[in-house]
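Counting starts at 1 for both ligands and their atoms, in listed order. Just so you know, residue 1 is the first one in the sequence shown, and it goes up from there.
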Amino acid sequence: MKSWIELDEERLRGNFNVLATVASGGTVLAVVKANAYGHGLEPSARVLAQAGVEWLGVTGVEEGVRVRAVLSECGITTEAQLKVLVMCGISEEDAPVVVAQRLTPVVWTVEQVRWLVTALHQQDAGGSLRVHVEVDSGMSRQGVKPGNALQAVLAAIAGANGLRLDGVMTHFANAEVANSTQTAAQRKAFEGAVQQVWAAGVVPGWLSVGNTSGIDLLDGSEDLLAWVKRLAGGVGARALVRTGLALYGYRLGLEGAGVVASRLQDRVLPVMTWKAKVIGVEEVSAGAVVGYNGTYRAERPMRLALVAAGYADGLRRELSSTNAKAGGWMMVRGQRAAIVGRISMNLTTVDVTEIAEVRVGDDAVLLGEGITAEDHARLASTIAYEIVCGVR
Ligand SMILES: *Cc1c(COP(=O)(O)O)cnc(C)c1O
């Protein structure tokens, strides 16, 4: 049997409510991209919809279609009830799907605008299609640069029958770093872009920024929420703050000497419990070597449990151990069971010598009470994002 995930729906709702409270005066967009950060797109979207989210964020149209399907099962069928932002852009083939499914695409090129206009025309869709324009304020990833390029995109939207500029967004590269000069420069660039949109005679409904760290960090300068609410208020728009990781109960460590406080620490709680079955229990004598390449040798008689999960399921191989170097652990019957030797593709061996009455058929907890994605991330030299997204 494959490993599986149990979603703590109450915690997911609770985390959303914490974010909504923290963002007071701003609207929280709940990001469910990447299969809801490994938590399952459909169940997560359903819980968030029932918790009253106004916006969900996905990567591409394929996820957008899946979200619309699950929403319609919940009786949510219109954009007025819930809007779905397609955050990573669209291709020409995506445009008809965007129109048919009433998704809100993020665009940043004149070409993308043309594809949407063609699709609108072909489908003879009534009403107007809202689009958000992403401004590249200095991350050099996605978005249009302020100035002539932005002017061209704005003109294309203004000249397109049926398209409406509903939002202007940007993304920060350094949001977890206190008093970042890059963040300050990005804010300045975004303020300029918003002025440019305003000067072009367009009044967007939303100014959209942020991620978990942006909401989390207090560093003594005007915080992100106060800043975006002020900026939005100035142009008659509403502030939209996009959050993913914190919804699922995790956050990044804040960095830099200027950190004053975290808004989210100890307030959001992990939502995912990841489990797999114990499929074998075996006694080995001192001297037995365990797993590939014999990197671990039993120094005393041990009882080992075989768990049906490995790196193919997303359990990072960096959590393997040797006699000289401890690795990760799982929770078995509420106690820590150290990973012994190398993690295999679909199997992992853990030490249950000190845990009474472990039996075939028991659950081993890979992530959850007693072991967090931060523990895995530390051992695998990565971030909690990559750990939860990697769970399959
Ligand atoms: C993923 C994503 C977010 C959410 O980031 P978190 O750090 O997980 O809160 C926000 N905005 C955009 C554009 C994203 O792609």
Side-chain angles (χ1 to χ4, degrees), residues 12 15-16 18-20 22-23 26-39 41 44-45 48 53-64 67 83-90 103-108 131-144 166-177 180 183 186-187 190 193 206-217 223-225 228 239-255 262-265 267-268 270-272 373-374 377 382-391:
L12 182 54
N15 293 340
F16 171 70
V18 167
L19 290 167
V22 166
T27 299
V28 172
L29 177 147
V31 178
V32 292
K33 70 186 176 193
N35 197 32
Y37 292 42
H39 291 67
L41 180 68
S44 304
L48 290 162
V53 297
E54 196 174 334
W55 283 91
L56 289 170
V58 297
T59 299
V61 296
E62 183 253 350
E63 285 180 340
V67 165
K83 293 167 275 295
V84 181
L85 190 67
V86 177
M87 299 193 300
C88 293
I90 54 156
L103 304 173
T104 304
V106 170
V107 297
W108 62 93
V131 297
H132 285 206
V133 166
E134 178 157 0
V135 172
D136 176 6
S137 57
M139 188 173 178
S140 306
R141 190 178 67 167
Q142 181 177 296
V144 60
D166 181 57
V168 183
M169 72 179 265
T170 199
H171 198 60
F172 294 102
N174 236 4
E176 70 276 24
V177 180
S180 158
T183 301
Q186 285 198 263
R187 281 190 188 186
F190 188 60
W206 302 91
L207 296 187
S208 159
V209 299
N211 57 5
T212 292
S213 298
I215 288 185
D216 194 19
L217 174 68
D223 66 83
L224 181 91
L225 288 162
V228 70
L240 192 60
V241 284
R242 307 181 305 266
T243 61
L245 191 66
L247 281 172
Y248 308 101
Y250 287 103
R251 44 184 288 282
L252 285 183
L254 301 174
E255 292 174 26
S262 157
R263 281 194 165 113
L264 301 177
Q265 191 160 24
R267 295 187 68 193
V268 292
V271 166
M272 178 195 294
E374 276 142 13
T382 184
I383 49 178
Y385 290 84
E386 194 184 359
I387 298 300
V388 286
C389 287
V391 173

Suppose we screen for side chain to side chain donor-acceptor pair (under 3.5 Å). Which residues come up paired with Thr170, at least two apart in sequence or across chains? Ser137
Indicate the atoms forming the closest heavy-atom contact of Gly214 with Ala175, along with that distance. N-CB, 3.7 Å
Output for pair (Asn15 CG, Leu245 CG), nearest 0.5 Å, gives 10.0 Å
Tell me, which residues have any heavy atom less than 4.0 Å from some atom of ligand 1? Val31, Lys33, Tyr37, Met87, Met169, His171, Gly210, Asn211, Thr212, Arg242, Thr243, Gly244, Leu245, Tyr385
Step by step, work out the side chain to side chain donor-acceptor pair (under 3.5 Å) result for Asp216 and Ser262. CA-CA 5 Å; Asp216 194 19; Ser262 157; 2.6 Å; yes
Qualifying residues under ring-ring contact (aromatic ring centres under 6.0 Å, His included), relative to Tyr250, sequence neighbours excluded: none
Show me the side-chain donor-acceptor pairs of residues 54-62 shorter than 3.5 Å, one per line, residues at least two apart or across chains.
from	atom 1	to	atom 2	distance (Å)
Glu54	OE1	Arg238	NH2	3.4
Glu54	OE2	Arg238	NH1	3.4

